[in-house]
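All ligand and atom numbering here is 1-based and tracks the order in the structure. Please read these numbers as outputs of a predicted model, since none were measured by experiment. The basis for the numbers below is simple: all heavy atoms, side chains too, and nothing from hydrogens, waters or symmetry mates.
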Amino acid sequence: MTDTPALGGPGLPQQRRLVTPIPGPRSQESFERRRRLVPQGVGTTLPVFVEAAGGGVLVDVDGNSLIDLASGIAVTSVGNSAPAVVERAVEQTRRFTHTCFMVTPYDGYVDVCEQLADLTPGDHDKKTLLLNSGAEAVENAVKIARAHTGRTAVAVVDHAYHGRTNLTMAMTAKSMPYKHGFGPFAGEVYRAPMSYPFREPTAISGEQAAERTIDVLEKQVGAASLSCLVIEPILGEGGFVVPADGYLPRLREWTENSGIVLVADEIQTGFCRTGDWFACDHEGVVPDLVTTAKGIAGGFPLAAVTGRAEMMDAVHVGGLGGTYGGNPVACAAALGAIETMRDEDLPARAREIGALVGERLAAIADKHPAVGDVRGRGAMMAIEIVGADGRTPDAARAGAVSAHCHEQGVVTLTCGTYGNVLRFLPPLATTDALLTEGFDVVAAAFDATA
Ligand code: PLZ
């Protein structure tokens with residue numbers, strides 16, 4: 001095998017070290033097998049096969065150590081194979097791996113629900129349903145909102161991403177690659193404008209943007225038909241768009257007055273990523289239901305809907321569930337991840353990372369007019385890349401910058417409706433030294449592609 005350590009976790013040398021071109025020969029061999037055996041529909045950002053990961057690095061099968069600025073799309077916030085996650089998951093695996101919570105329950109599931117009741121916004125009585133994936137959490141939030149209100153319509157916003165299942169495809173905005181050719185989609189899903197400060201034709205306040213959203217929904221759907229408004233407090237796949245101040249609070253006020261369930265999709269923003277436990281916390285917004293996944297369990301598949309107890313109980317007995325939802329090993333991992341977030345004050349660490357990254361991105365923006373906007377919160381930062389007019393999306397440049405980073409051993413992601421946003425989601429367990437080196441590479445990538 002290679003001379004790299006076989007075990008991941010924070011003990012891995014926290015360094016960028018390239019011993020072959022990226023991807024190396026072993027990764028290329030593995031990628032050939034993948035090509036034969038896995039459909040092309042499953043995309044690949046960077047074709048290196050991983051052998052171990054931890055802290056802020058990924059080590060590939062060729063022995064290259066790469067700086068991770070992606071966290072597997074905002075999942076390994078506590079770091080890959082974080083000690084508390086590994087210990088609890090291993091211990092639980094030895095005791096039992098599955099019973100199905102609907103057949104014979106176990107404490108780990110209820111422990112996670114207790115943590116979520118404590119951590120999610122608001123101090124009302126809460127209950128939690130556990131599931132396997134983010135899309136499944138969003139689907140179930142809609143089921144609960146419909147059962148509670150007796151209404152069917154679902155409101156979502158422009159640029160939203162909520163998943164790849166049939167209902168969540170309907171709720172997701174972007175056609176290619178998420179929806180193209182996969183219809184017909186679930187009905188009764190209505191889309192309204194979002195607050196997207198960089199792309200407003202003229203500057204408008206958050207309240208004005210909210211009135212525009214509300215106007216479309218009231219006139220085109222009717223508030224009395226709406227079961228819920230589902231919204232990411234900061235758009236994830238749609239481009240890391242932070243709505244103007246006041247946008248979310250006004251939507252909270254309107255949904256409350258109209259008997260519409262406000263669902264905050266915190267699947268990407270949740271669990272310390274934005275510098276607070278949840279992105280809604282920054283504006284003091286208390287949603288009725290919150291969907292979580294990704295960062296919740298340090299890499300294990302777990303998702304949740306947490307919400308007002310009376311809404312969660314609107315569904316009849318047996319109406320919610322699934323074979324694996326709240327799997328005991330995933331719950332144990334989540335308890336380890338949450339313990340790590342509390343013990344290490346990861347919301348504060350995310351704010352520190354945000355300050356460091358924000359400074360680096362501002363310096364790149366000063367030098368390169370192609371940077372139209374720098375935005376984000378905490379350890380969820382992005383730059384939107386545009387053409388000479390300061391406005392036209394330039395996806396090709398974003399792709400070129402990202403490809404340059406990959407060649408240099410830095411894992412970066414793009415996103416956005418126009419594919420022109422470079423987004424940065426480092427593990428909160430990373431080091432300042434790795435971040436500094438990682439953003440040196442990002443800066444050099446801008447110079448090299450100018
Ligand atoms: N809601 C806000 O960010 C997942 C998608 C990756 P699942 N985002 C990553 C891809 O291309 O499939 C996401 C999200 C928000 C819902 C989801 C869906 O979560 O766990 O991927 O189903």
Side-chain angles (χ1 to χ4, degrees), residues 38-46 70-77 120 129-142 154 156-180 182 186 189 194 228-243 248 262-271 273-274 278-280 287 289-306 322 324-327 330 333-334 337 376-377 379-380 382 402 411-417 419 421 423-425:
V38 182
Q40 63 174 7
V42 182
T44 307
T45 300
L46 171 52
S71 302
I73 322 188
V75 171
T76 51
S77 299
T120 53
L129 165 70
L130 296 182
L131 304 143
N132 304 294
S133 68
E136 215 188 337
V138 173
E139 292 253 355
N140 278 277
V142 171
V154 173
V156 291
V157 296
D158 283 335
H159 312 289
Y161 183 90
H162 297 294
R164 293 178 183 266
T165 57
N166 187 262
L167 173 59
T168 59
M169 273 194 292
M171 296 169 68
T172 290
K174 192 173 175 176
S175 172
M176 197 58 144
Y178 306 123
K179 305 167 73 164
H180 176 77
F182 300 147
V189 175
M194 170 66 176
C228 56
L229 166 62
V230 183
I231 188 164
E232 299 154 88
I234 297 175
L235 296 179
E237 305 304 307
F240 280 30
V241 175
V242 185
L248 294 171
L262 179 64
V263 182
D265 181 347
E266 293 251 16
I267 286 164
Q268 190 151 167
T269 50
F271 284 100
R273 177 53 55 188
T274 64
F278 294 93
C280 282
L289 305 179
V290 182
T291 56
T292 53
K294 291 188 182 281
I296 189 175
F300 283 76
L302 188 72
V305 183
T306 302
Y324 292 113
N327 167 271
R377 254 195 188 124
M380 184 173 182
S402 210
V411 184
T412 50
L413 298 172
T414 57
C415 66
T417 295
V421 177
R423 58 169 154 172
F424 305 102
L425 293 163

Original post:
For R377, does its backbone N or O pair with a side-chain atom of T274 as donor and acceptor, under 3.5 Å?
Top reply: no
Original post:
Does C280 offer a backbone N or O that forms a donor-acceptor pair with the side chain of E266 under 3.5 Å?
Top reply: yes
Return the closest protein heavy atom for [atom] as residue, atom name and distance.
| atom | answer |
| --- | --- |
| atom 6 (C) of ligand 1 | I73 CD1, 3.7 Å |
| atom 19 (O) of ligand 1 | G134 CA, 3.3 Å |
| atom 1 (N) of ligand 1 | D265 OD2, 2.7 Å |
| atom 18 (C) of ligand 1 | A135 N, 3.6 Å |

Test item: [X] and [Y] side chains (from C-beta on) under 4.5 Å apart, heavy atoms:
| X | Y | value |
| --- | --- | --- |
| I267 | V138 | yes |
| F240 | M380 | yes |
| T412 | L46 | no |
| T165 | E136 | no |

Subject >> Residue that, paired with Y178, satisfies side-chain contact (heavy atoms from CB on, under 4.5 Å) out of R164, M169, H162 >> reply: R164
With heavy atoms of [X] as the reference, note each atom of ligand 1 found under 4.0 Å away.
| X | value |
| --- | --- |
| E232 | 2 (C) |
| Q268 | 3 (O), 8 (N) |
| I267 | 1 (N), 13 (C), 14 (C), 15 (C), 16 (C), 17 (C) |
| R164 | 10 (C), 11 (O), 12 (O) |
| S133 | 20 (O), 22 (O) |

Subject >> Backbone or side-chain N or O of E237 under 3.5 Å from ligand 1 N or O >> reply: yes
Original post:
Is K294 near ligand 1, meaning one of its heavy atoms is under 4.0 Å from it?
Top reply: yes
**OP:** Given side chain to side chain contact (heavy atoms under 4.5 Å, CB included), test T292 with F278 step by step and report yes or no.
**Re:** CA-CA 10 Å; T292 53; F278 294 93; 3.5 Å; yes
**OP:** Return a yes/no value: protein heavy atom under 4.0 Å from atom 21 (O) of ligand 1?
**Re:** no
